[in-house]
2 protein chains.
Amino acid sequence: MQPAELDRIFSALADPTRRAILHRLARGEATVNALVAPSGLRQPTVSKHLKILEEAGLVSRGRAAQTRPVRLEPAPLKAAAQWLGDYEAFWNASYDRLEAYLKGEEA
Amino acid sequence: MQPAELDRIFSALADPTRRAILHRLARGEATVNALVAPSGLRQPTVSKHLKILEEAGLVSRGRAAQTRPVRLEPAPLKAAAQWLGDYEAFWNASYDRLEAYLKGEEA
DNA sequence: TAATTATATAGCCTTTTAGCTATATAGATG
DNA sequence: CATCTATATAGCTAAAAGGCTATATAATTA
């Protein structure tokens with residue numbers, strides 16, 4: 001995992017519109033228009049958000065007639081969760097795992 | 001958790017310099033200068049990053065002589081991990097937990 | 001093939017971000 | 001009290017982000 005990858009993932013997740021899109025997609029894939037409707041934003045604006053999500057690997061696009069269904073791709077979410085997981089020891093007050101991680105990292 | 005809070009947290013985590021600072025702080029608190037040294041950045045630049053981390057709640061500041069030691073605050077990391085955790089079902093191919101979450105959310 | 005529908009792209013504007021230099025402030029020490 | 005050390009703040013610049021309108025493209029349908 002290059003840092004730039006986490007940059008894009010966390011940066012994509014930093015926007016509430018994009019998190020809302022992901023939340024909606026958790027219920028199943030959706031067309032662009034289906035995502036525009038509840039957003040209060042214009043279609044091109046949503047398309048821009050989708051591009052950012054796609055570049056972060058968080059969604060992928062299909063093709064169905066003249067529609068481009070969007071679906072959630074969990075891998076980057078997992079990557080982000082794993083990054084955060086390295087700090088889990090901190091909020092669990094059990095430092096063993098973190099220490100092990102840091103020790104391995106010092107190479 | 002207001003959305004703005006997650007905005008600030010994810011946005012703070014989107015920068016590699018800031019993630020590196022958190023990584024360093026996982027080994028224990030550090031002065032500003034100790035964080036500047038390996039960063040390749042100027043001191044005011046690092047202070048700015050620290051302000052962003054602080055506003056996201058990810059670090060807190062102490063006072064020791066003319067030094068302002070920085071320490072890691074895990075709560076926002078936990079909050080971010082919990083948000084991601086709602087999607088865990090997706091990468092675990094076990095949708096039960098996610099469905100339960102979404103059902104609860106529809107209110 | 002013309003018209004309609006769904007989506008993407010171009011281009012504009014304003015705000016934010018990330019870096020910098022210069023300078024101010026707070027506390028320690030000669 | 002003068003100075004030095006650590007850190008913060010002000011203010012600048014360039015680039016990126018996030019919104020918009022107008023328009024282009026792709027696929028469907030009359």
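Just so it is clear: chains get the letters A, B, ... in the order the sequence lines come, proteins before strands, and each one is counted from 1. Source: prediction; values computed, not measured.
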Chemist: Would you mind reading off the distance between B:Leu50 atom CG and D:dT9 atom P, rounded to a whole angstrom?
Modeler: 12 Å
Chemist: Do you know which two heavy atoms are closest between A:Leu6 and A:Ala80, and how far apart they sit?
Modeler: CD2-CA, 4.3 Å
Chemist: Kindly indicate whether the side chain of B:Phe10, heavy atoms from C-beta on, has any atom under 4.5 Å from the side chain of A:Asp15.
Modeler: no
Chemist: Take the protein atom NZ of B:Lys51 and the nucleotide atom P of C:dA18, then report the distance between them rounded to whole Å.
Modeler: 14 Å
Chemist: Answer yes or no: is there a side-chain heavy-atom contact under 4.5 Å between A:Leu53 and A:Arg19?
Modeler: no
Chemist: Rounded to whole angstrom units, what separation is found between the CD atom of B:Glu29 and the P atom of D:dA6?
Modeler: 16 Å
Chemist: Taking A:Tyr87 for its side chain and B:His23 for its backbone only, find out whether a donor-acceptor pair lies under 3.5 Å.
Modeler: yes
Chemist: Flag the pair B:Leu84 / A:Leu13 as yes when at least one side-chain heavy-atom distance between them is below 4.5 Å, and no otherwise.
Modeler: yes
Chemist: Looking at every heavy atom in both A:Leu41 and A:Val36, which two are closest together, and how far apart are they?
Modeler: O-CG1, 3.6 Å
Chemist: Take the protein atom CZ of B:Phe10 and the nucleotide atom C1' of C:dT17, then report the distance between them rounded to whole Å.
Modeler: 19 Å
Chemist: Using OP1 and OP2 only, check whether a side-chain N or O of A:Ser47 sits under 4.0 Å from C:dT7.
Modeler: no
Chemist: Indicate the atoms forming the closest heavy-atom contact of A:Pro69 with A:Ala64, along with that distance.
Modeler: CD-N, 3.8 Å
Chemist: Rounded to the nearest angstrom, tell me the gap between atom CD in B:Glu54 and atom C1' in D:dA8.
Modeler: 12 Å
Chemist: Taking any heavy-atom pair under 4.0 Å as a contact, classify A:Thr31: base, sugar-phosphate, or nothing.
Modeler: sugar-phosphate
Chemist: I need the residues from residues 63-71 of chain A with at least one non-hydrogen atom less than 4.0 Å from DNA chain C; give them sorted by number, or say none.
Modeler: A:Gln66, A:Thr67, A:Arg68
Chemist: Taking salt bridge (Lys or Arg N to Asp or Glu O under 4.0 Å) as the cut-off, I'd like each qualifying pair that reaches into residues 65-83 of chain B, sequence neighbours left out, listed once.
Modeler: B:Glu29-B:Arg71
Chemist: So if I define the base as every atom that isn't primed, P, OP1 or OP2, how would nucleotides 19-24 of chain D read as a B/S/- string at a heavy-atom cutoff under 4.0 Å?
Modeler: BBBB--
Chemist: Looking at A:Asn33, does any N or O in its side chain come under 4.0 Å of the phosphate oxygens OP1/OP2 on C:dT5?
Modeler: no
Chemist: Is there a donor-acceptor pair closer than 3.5 Å between any side-chain N or O of A:Arg18 and the backbone N or O of A:Ser11?
Modeler: yes
